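I have placed the structure first, in the form of structure tokens, so that the comments after it can refer back to it.
Keep in mind it's a predicted model, so treat the numbers as computed, not measured.
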Amino acid sequence: MQLNGAGLTCAQVHEAAHGRARVTIGPLDRARASWATAQGLTGPVYGRSTGVGANRDVRLDSPGLDLLRSHACGAGPLVADERARAMLVVRLNQLIAGGSGIDPAVLPVLAEAVAGGFTPPVRTYGAIGTGDLTALATTALCLLGEVPWRRAGEETAGPRFALASGDALPFISSGAATLADAALACHRLGALLEAAVDVAALSFTAVDASAEPLAAAVQEARPHPGQSRVAGRLRGLLTHELATRVQDPYGYRAFAQVHGAAVDALERATATVETDLNAATENPLITGTLAWHNGNFHSAPVALALDALRAALAQTAQLSTARLATLMNPAYTGQLPFLADRPGASGLMILEYVAQDALAELRHLAAPVTTGTAVISLGTEDHAGFATQAARHALRCLEPLEIVLACERAAAVRARKGARPDGQLTDELDEARAALARPSRAP
């Protein structure tokens, strides 16, 4: 995988984060041009010849390394290695895109860190969607040799680079950690939303739900892209003739509409994140012959897109629990309640409890972050996007969404294969979760 400052995708970030792709760097012409411009700047330039935040009007001589040391402060547990590695990949790509004014000689060293499996000790808390200052300052101190890298779970020496004072703010002026989390979440959620269609197909066949709501004529009458695509894919999975009820519950009749909206929300979020993966979000932006002080670091577009995505995930999970309820109901399956093997047995009753617990977590995670704000640094920074929290919550959505879908899948498979005597269901549910990662097959 060659990073060139353009075209980096969420899927590629995921592959690089998990060590499945060798990362190299392409031409550094834009980075070199930006650095050359930075060397000739005169007058006050934020963070290079001044303080930061409320200290923006204070002229300083070489403030950079003190800035790194003062901002390398996070709290909470260390983030997983793959998240820290994804952050390095994102920041490397952004710096290659130009605009930072940083010494381009640092870029091969960052690439060496990624290739060698080195990650900085990034802690969970410390950003509010206006730049991942604590995470990137910590990374910079790793390059300086003041903080040890981590590799295979252990502290270690690693790649070194003598960052100059003028490199400090350019290195940390980015939301790379937030974007890394967002990219990882979007990629993995995409796979789960695809798997959800396969699970729904199992439920459709288990209860002989009507395929009439999926008809092309219905979709053409309301041409939302996600809805049409979901309906078409589900039609393709339903390979046998289904009985037709006049009206099935919404879990079946409105599946394409609700799940299609989640697919659309994911596509919008992915596009928004990928724009910023390849953008110069630097402040100041060094381009042409000038330094442009600006607000490109603000994460409002990403935060809003991820808020919408998490809300959509909660809705599609709600319909999954609704279908699970029908699978427990003799009126739809023609079998005993809870798919039990004898009257009075519990069967799969407990799956509804598990699914509702996971759904409650998804509802909690769907709360919007963009309705909050923060005023800090003596009032000079008077708004925050909180995309950091939006991305973190999107990652946390993966497990409960997978559990909800696995509960539905386990019940649908049982409904199709026949009842079994009551027994411990953890292994069966774990198998259903594992099956969500396998390629889809027609029911």
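Note: Phe255 and His259 have parallel aromatic rings, judged against thresholds of 30 and 60 degrees for the angle between ring planes. The aromatic rings of Tyr252 and Phe204 sit perpendicular, their planes meeting at an angle over 60°, well past the 30° parallel limit.
The environment of CZ in Arg30 is crowded: more than 12 heavy-atom neighbours from other residues, nucleotides or ligands sit within 6.0 Å. For Arg433, the CZ atom is densely surrounded, since the number of other residues' heavy atoms within 6.0 Å is greater than 12.
The main-chain N or O of Arg323 is found under 3.5 Å from a side-chain atom of Thr326 such that the two form a donor-acceptor pair. Distance alone, capped at 3.5 Å, is enough to place a donor-acceptor pair between the Asp422 side chain and the Ser346 backbone. Under a 3.5 Å cut-off, the side chain of Thr388 and the backbone N or O of Gly129 do form a donor-acceptor pair. For Gln389 (side chain) and Ala127 (main-chain N/O), a donor-acceptor pair under 3.5 Å exists by modelled atom type.
Inspection of the Gln424 and Thr426 side chains reveals an N or O donor paired with an N or O acceptor under 3.5 Å. Asp132 and Thr178 share a donor-acceptor pair across their side chains, judged by distance under 3.5 Å alone. Of the N and O atoms on the side chains of Asn278 and Asn93, at least one donor lies less than 3.5 Å from an acceptor on the other residue. Checking Ser174 against Thr281 by side-chain atom types alone, no donor-acceptor pair falls below 3.5 Å.
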Determine, step by step, whether His71 and Leu136 satisfy the side-chain contact (heavy atoms from CB on, under 4.5 Å) criterion, reporting the C-alpha distance in whole Å, the side-chain angles of both residues, the deciding distance to 0.1 Å, and the verdict. CA-CA 9 Å; His71 279 59; Leu136 290 167; over 6 Å; no

Let's go through Asp66 and Arg69 carefully: what are the C-alpha distance in whole Å and the side-chain angles of both, what is the deciding distance for salt bridge (Lys or Arg N to Asp or Glu O under 4.0 Å) to 0.1 Å, and is it a yes or a no? CA-CA 5 Å; Asp66 285 345; Arg69 295 172 185 128; 3.5 Å; yes

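Exactly one residue among Arg83, Arg188, Arg392 makes a salt bridge (charged side-chain N to carboxylate O under 4.0 Å, His left out) with Asp181. That residue is Arg83.
By the 4.5 Å heavy-atom criterion applied to side chains, Arg20 and Met1 are not counted as neighbours. Counting only heavy atoms from C-beta outward, the side chains of Val273 and Val13 never approach each other to under 4.5 Å. Side-chain contact check for Arg233 versus Val230: every heavy-atom pair is 4.5 Å or farther apart.
Contact check on Arg310 versus Glu361 returns no salt bridge, with no Lys/Arg side-chain nitrogen under 4.0 Å from an Asp/Glu carboxylate oxygen.
With rounding to the nearest 0.5 angstrom, the CD atom of Glu112 is 11.0 Å from the CD1 atom of Ile25. In this structure, Leu290 CG and Thr37 OG1 are separated by 8.5 Å, a value rounded to the nearest 0.5 Å.
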